There are 4 protein chains.
Amino acid sequence: MLASVEARPSFKRLPRAVREQQMLDAAVRVFSRRGFHEASMDEIAVEAGISKPMVYAYLGSKDDLFRACVNREGTRLLESIVAAVGDDLPADEQLWRGLRGFFGFVGAHREGWAVLYRQAKSRQPFADDLASLRARIVEVVAGMLRKAVTQEGKTDAKDQDLTASAYALVGAAESIADWLADHPEADPDHSAARLMNFTWLGARQLLQGELWQPSSA
Amino acid sequence: MLASVEARPSFKRLPRAVREQQMLDAAVRVFSRRGFHEASMDEIAVEAGISKPMVYAYLGSKDDLFRACVNREGTRLLESIVAAVGDDLPADEQLWRGLRGFFGFVGAHREGWAVLYRQAKSRQPFADDLASLRARIVEVVAGMLRKAVTQEGKTDAKDQDLTASAYALVGAAESIADWLADHPEADPDHSAARLMNFTWLGARQLLQGELWQPSSA
Amino acid sequence: MLASVEARPSFKRLPRAVREQQMLDAAVRVFSRRGFHEASMDEIAVEAGISKPMVYAYLGSKDDLFRACVNREGTRLLESIVAAVGDDLPADEQLWRGLRGFFGFVGAHREGWAVLYRQAKSRQPFADDLASLRARIVEVVAGMLRKAVTQEGKTDAKDQDLTASAYALVGAAESIADWLADHPEADPDHSAARLMNFTWLGARQLLQGELWQPSSA
Amino acid sequence: MLASVEARPSFKRLPRAVREQQMLDAAVRVFSRRGFHEASMDEIAVEAGISKPMVYAYLGSKDDLFRACVNREGTRLLESIVAAVGDDLPADEQLWRGLRGFFGFVGAHREGWAVLYRQAKSRQPFADDLASLRARIVEVVAGMLRKAVTQEGKTDAKDQDLTASAYALVGAAESIADWLADHPEADPDHSAARLMNFTWLGARQLLQGELWQPSSA
DNA sequence: AATGAATGAGGCTTCATTCAT
DNA sequence: AATGAATGAAGCCTCATTCAT
């Protein structure tokens, strides 16, 4: 039966789509393990159980391949978050679920995502792909914050402030995710809870108009 | 007079100490511009206006050179923060000054520090140097938080919680610094103020025992 | 026919085994001509009519390559001697044939072996390979001497003396081979005869118990 | 007193002749330790306790320096042998003393000579210096053999045979010296005695017209 | 007399990428 | 559809040698 054929790691004559996924799986592993530059096309081909020319035939150059990895993983992450957030829940609940979704995904793809993410940030051609992913996530978060503000009755919050807050939150989350990726024993939910607390309370105060003021200059 | 001879921008036969700084300056620029692996020793030598063998003679291998960059910049950053914090001020004032010092430094060394920092995080041999720098910063921050707690009259805050909070704060700051390094038009002080607000209020609530609780499992 | 296509000296897309031998041939020539350190991988690649990366792909580093040369030539030499010696002949006849085999081989591979041999002696990692080859040759020679002693009726020759004599003989042969390799006009058989005479008579006397004694301290 | 000044390792303002000897001492050590190519002028300068430009000023290029080493050591060796041989002694006694002189010198300069000798043999420009040294030694040995023949009453020995025998003897001696240089625990006199026995008896037979003849073609 | 500063040249090695089968 | 064979280009590093003081 086909099912069993797909289940065992058959390396011959697979349809293109399947082969491509195998290659991407292998590429993600190798890029994560070594970093972009240290990863060699040779190693990726071996890891995929396929010859190098096939990799070039299917996925193109090393840059193309890496971008494909970033995009596939990025899409999965975004979907993971969106699915977790849900539609009709209170803002804090949504934020909480979103954070859990995010950290859960990173926790489950430690070796995959976080390292891959780190790579992409520093290499120019990929930074753009990443930036657009990030922008979409920020948008989602900003939406939640706007909803929260509305719930609290505040209506004059400036959009720019909301976006800035969302940006800070996402940045903090990424920073913690980075750390999470390096600490296999850490619990993603715990990270989510900590950030939730740390952020939510602060954000609420902030959105309620309370501000810390420097006493000097 | 000799003085004038020394004064004109002579590029030949400089004493070792001077050349080393020139090289480090050049290396920081190139590493920032290209990233560790994409940076070539050739380009660094050209940027420093000197031949490659001199770089090897004075600073050693590419790894050695990079580590020297990380250490020099890291030391400067730390000193920058410590100097800003001051000794006998209220905790919030100290935190505020520390953040301003931090973001001010990053803002002034945009191309230098943040990118260099990004590089070091991912390359194993340097990650250690970076981790120790970070640990020292976290310690400074935790000290401020402890002081804050004492001022607020709370005495039962667990040290572990303080460290965790400090860690999160530093992570958030780094994340924002990353963003700052990529946005030349952004104002460091503004970043400092935002994080100060965002964090201080939240931290205060947190330290006062208030916790956000998920309404569902 | 395909056969004719394969027969013409095509220099492209040869199977690995063939290319490896071509490379080894070239490497032996270049190492012989220049010595280990003065030989460049570039020159070897050119001599082999192939690009450098292929050399690395098939034979590894310069050290690996050199060791492969030493081993291939060493094996050939040993086989050459063993084949010449034969099994059931009087000891002197065997020694004679062995020497002819040895010098014949060296004479036929002048540029190859002897210089290569000189190189290997001085470079640490290869000296071991060489020492083991030499040990096997010494063993063969010692076996012949033992047989000779038995034929002469002497039964009390100490094994250690036999080995020492074999060592000296091999050393002398190597020394003459060295000279032979530098003198293209010299006749290998003549060298064999000279050493045979020089040694055999001396060895016989020695093994019969006759000793030269210094008349003074 | 000058004596004491010269005795302690003073590194300043020494007369040129002394400096040159210091440099040669250092160079011999380093060349022996590393081999010609692996020896760096830097290491030699450091070993000599002097700056590199001084080495170039006094002894010229690396090749010049190496040749100076070979010549100094070669001259010393030759003088050592000639002095040992003496003038009016029986031929066998002279040979014995010559061998003792040779192996004694090598034994006392293990690290110096033998390795240096090995180096010189393989590097073209120096091989000539070495060949001329060798020719002089061979001549000395041939002289002894001629004397021996005369003493034995044989007058028809061909000069070419004498030279050939002398060559073989010298070659064997060098071979053993090589081995000696690598075995610090070996006794030079023992080597001399072994070669003396092995050779003298054989040579005597040979010179008396006795020849080993192959029984087959 | 002596040296710290400086460099041109060259060697080993690796890799992304393509060709011919 | 698939791959073994092949290479141009580039990078790190070292060293003999010289210059300017």
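Lettering of chains follows the sequences in order, A, B, ..., and the numbering in each one begins at 1. These values consider heavy atoms only, across backbone and side chains, with no hydrogens, waters or symmetry-generated copies. Here the structure is a predicted model, which means the values were calculated and not measured.
- If you measure from atom CD1 of I50(A) to atom P of dT3(F), you get 6 Å, rounded to the nearest angstrom.
- Of all heavy-atom pairs spanning D64(B) and L59(B), the tightest one is CB-O, 3.2 Å.
- Distance, D42(A) CG to dG4(F) C1': 12 Å, rounded to whole Å.
- At whole-Å resolution of the value, CZ in F31(B) and C1' in dG11(F) are 13 Å apart.
- Look at R16(D) and you won't find any side-chain N or O under 4.0 angstrom from OP1 or OP2 of dA1(E).
- Taking the centre and axis of the six-membered ring of Y58(D), the NZ or CZ atom of R16(D) falls inside the cone set by 45° and 6.0 Å.
- An OP1 or OP2 oxygen of dA6(E) is reached within less than 4.0 angstrom by a side-chain nitrogen or oxygen of R19(B).
- Using the Watson-Crick or G-U wobble rule with both distances under 3.5 Å, dT18(F) pairs with dA5(E).
- Here A39(D) lies in heavy-atom contact (under 4.0 Å) with sugar-phosphate atoms only.
- Side-chain proximity of P53(B) to dT13(E), dA9(E), dA6(E): nearest is dA9(E).
- Out of dA20(F), dA6(F), dT3(F), the shortest distance to the side chain of R13(C) is found at dA6(F).
- With respect to R67(B) and D128(B), no salt bridge is recorded, no charged nitrogen being found less than 4.0 Å from a carboxylate O.
- At a cut-off of 3.5 angstrom, counting only N and O atoms as typed in the model, there is a donor on one side and an acceptor on the other between the side-chain of K52(A) and the base of dT17(E).
- Counting to the nearest Å, the C1' atom of dC15(E) and the CG atom of L65(A) are 15 Å from each other.
- A residue-by-residue look at M54(D) and A57(B) shows that M54(D) has its nearest nucleotide of DNA chain E further toward the 5' end.
- E43(B) has its CD atom 15 Å from the C1' atom of dC12(F), to the nearest Å.
- At least one side-chain nitrogen or oxygen of Y56(C) sits closer than 4.0 Å to the OP1 or OP2 atom of dT13(E).
- Side-chain proximity of S40(D) to the nucleotides dT3(E), dC13(F), dC15(F) is greatest for dC15(F).
- Distances shorter than 4.0 Å separate some side-chain N or O of Y58(B) from OP1 or OP2 on dA6(E).
- M41(B) comes within 4.0 angstrom of sugar-phosphate atoms only, judged by non-hydrogen atoms across all strands, and of no base.
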Practice task
Check the pair E43(B), V46(B) against side-chain contact (heavy atoms from CB on, under 4.5 Å), reporting the backbone distance first and the verdict last.
Solution key: CA-CA 5 Å; E43(B) 184 174 0; V46(B) 168; 5.7 Å; no
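- With rounding to whole Å, F36(A) atom CZ is found 13 Å from dC15(E) atom P.
- A straight line from CZ of R34(D) to C1' of dT14(F) spans 14 Å, rounded to a whole angstrom.
- With F36(A) as the aromatic partner, K62(A) meets the cation-pi criteria of under 6.0 angstrom to the ring centre and within 45 degrees of the ring axis.
- Here OG of S40(C) is found 10.5 Å from CD of E47(C). Values are rounded to the nearest 0.5 Å.
- Sequence order on DNA chain F of the closest nucleotides to H37(B) and P15(C) puts P15(C) first from the 5' end.
- Atom CE of M23(A) is separated from atom C1' of dA2(F) by 10 Å (rounded to the nearest Å).
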